[in-house]
Number of protein chains: 2
Amino acid sequence: MNYNEFKYCGLNVALGALSGKWKPIILYYLFHQEEIRFTELWRAIPKVAKKVLLEQLKQMEQDGLLLREEKNGFPPEVWYRISEKGRALGPALAALESWANEYAAEEVDLLKIRRKVTLS
Amino acid sequence: MNYNEFKYCGLNVALGALSGKWKPIILYYLFHQEEIRFTELWRAIPKVAKKVLLEQLKQMEQDGLLLREEKNGFPPEVWYRISEKGRALGPALAALESWANEYAAEEVDLLKIRRKVTLS
DNA sequence: TAAACAGGTTACTAATAAGTTACCTTCTTA
DNA sequence: TAAGAAGGTAACTTATTAGTAACCTGTTTA
């Protein structure tokens, strides 16, 4: 299959799973950290509201991109890790990333995009 | 670079350029049709509002994904074609597409995703 | 015993994206 | 001469997404 052959339907599904203001950075941490605790992630992403971070994590869990594990005891401990399905997105994410670096270097530098995702 | 190495910033830029309910299907036509006239595209995508289709085409033009050409005369004739930058997205789009087909085949079949993009 | 912890929910507001309808232009055809 | 063509805009409504603030849970620590 050459790269002209994509159909929009699977593309829509994939982009749907990635759509959410904070999902790229969440994926970044999951790809780089093996296992990350909710609070750690929250502190790592300074501007996101707890509610929104929880929402996006929940969506990603429902989409099968990540695994959520409650460790017993108190205070509650919840750890997130990338799933196999999530890790399988790696090549596609890397392809998007390198496209942006090759063809949209300026926007990457500005850290300013239409959706106003500003990442410190 | 292995696929663990992506950074979220370029990823954000790329996803920003793709974010818009009708952009995947627009890209689909642009990849498959060399040149397409506005009205033809509008008729091919039955449910989109003209205003929205125009908005997304304008954003894609500003992002450099496509080229817009007005051909003189009346009635107005406007043709869209994929740009080099847009075509360069091909591998990434194909990777997303095949990820969805491998790992999310059910959603692909259902044509129903969270964002409620229902196609056809 | 009161505060702090971690993860989460609820009720609410603000911002962005998408959809609807009506209208404009200028040429051609009925 | 009135209607229809193609591309586009303007004013407005609706839906979806993100953000804010307050509150809840039980165990530990001060």
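Below, all heavy atoms of this structure are taken into account, side chains as well, without hydrogens, waters or symmetry copies. The model shown is predicted, which means the values in this text are computed figures rather than measured ones.
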(request) Using a 4.0 Å heavy-atom cut-off across all strands, classify A:E77 as base, sugar-phosphate, or nothing. (result)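 A:E77: backbone/sugar contact only, no base atoms under 4.0 Å.
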
(message) Mind checking if B:K58 touches a base, just sugar-phosphate, or nothing, with heavy atoms under 4.0 Å?
(response)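 Sugar-phosphate contact only - B:K58 comes under 4.0 Å of backbone atoms but never of a base.
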
(message) Holding to salt bridge (Lys or Arg N to Asp or Glu O under 4.0 Å), I want the full list of residues that pass it with B:K50, two or more places apart in sequence or in another chain.
(response) none

(message) Among residues at least two apart in sequence or on other chains, which ones pass salt bridge (Lys or Arg N to Asp or Glu O under 4.0 Å) with B:E70?
(response)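 In terms of salt bridge (Lys or Arg N to Asp or Glu O under 4.0 Å), with neighbours along the sequence ignored, B:E70 is linked to B:R68.
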
Rounded off to whole Å, could you give me the [atom1]-to-[atom2] distance for the [X] and [N] pair?
X	N	atom1	atom2	result
B:N12	D:dA18	CG	C1'	15 Å
A:Q59	D:dT17	CD	C1'	9 Å
B:E70	D:dG8	CD	P	6 Å
A:I36	C:dA6	CD1	C1'	15 Å
B:E69	D:dG8	CD	P	13 Å
A:K21	C:dT16	NZ	C1'	10 Å

(request) Mind running a 4.0 Å heavy-atom check of residues 50-57 of chain A against DNA chain D and sending the residues that fall below it, in number order? (result) A:K51, A:V52, A:Q56

(request) Examine C:dG19: is either OP1 or OP2 under 4.0 Å from a nitrogen or oxygen in the side chain of B:W22? Give yes or no. (result) yes

(message) A quick test of your reading: do over 12 heavy atoms of other residues, nucleotides or ligands sit less than 6.0 Å from CD of A:E84?
(response)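 No.
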
(message) So which atom in A:D63 and which in A:K85 form the shortest heavy-atom distance, rounded to 0.1 Å?
(response)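 Where A:D63 meets A:K85 most closely, the heavy atoms are O-NZ, 2.9 Å.
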
(request) Quick one: closest heavy-atom pair of B:I82 and B:F31, and the distance? (result) CD1-CE1, 3.9 Å

(request) State which residues pass side-chain hydrogen bond (donor to acceptor under 3.5 Å, both in side chains) with B:W42; sequence neighbours excluded, sorted by chain then number. (result)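 Not a single residue meets the side-chain hydrogen bond (donor to acceptor under 3.5 Å, both in side chains) criterion with B:W42.
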
(request) Name all residues meeting the side-chain hydrogen bond (donor to acceptor under 3.5 Å, both in side chains) criterion together with A:R37; count only those two or more places apart in sequence or in a different chain, and write none if there are none. (result)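 For A:R37, no residue satisfies side-chain hydrogen bond (donor to acceptor under 3.5 Å, both in side chains) once neighbours in sequence are set aside.
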
(request) Salt-bridge test for B:K71 and B:E35: reply yes if a basic N is under 4.0 Å from a carboxylate O, no otherwise. (result)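 Between B:E35 and B:K71 there is a salt bridge, with a charged N closer than 4.0 Å to a carboxylate O.
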
(message) I need a per-nucleotide contact map over nucleotides 24-30 of chain C, read 5' to 3'. Cutoff is protein heavy atoms under 4.0 Å; write B for the base, S for backbone only, - otherwise.
(response) --BS---

(request) Determine yes or no for a side-chain-to-main-chain donor-acceptor pair under 3.5 angstrom, with B:K23 supplying the side chain and B:S19 the backbone. (result) yes

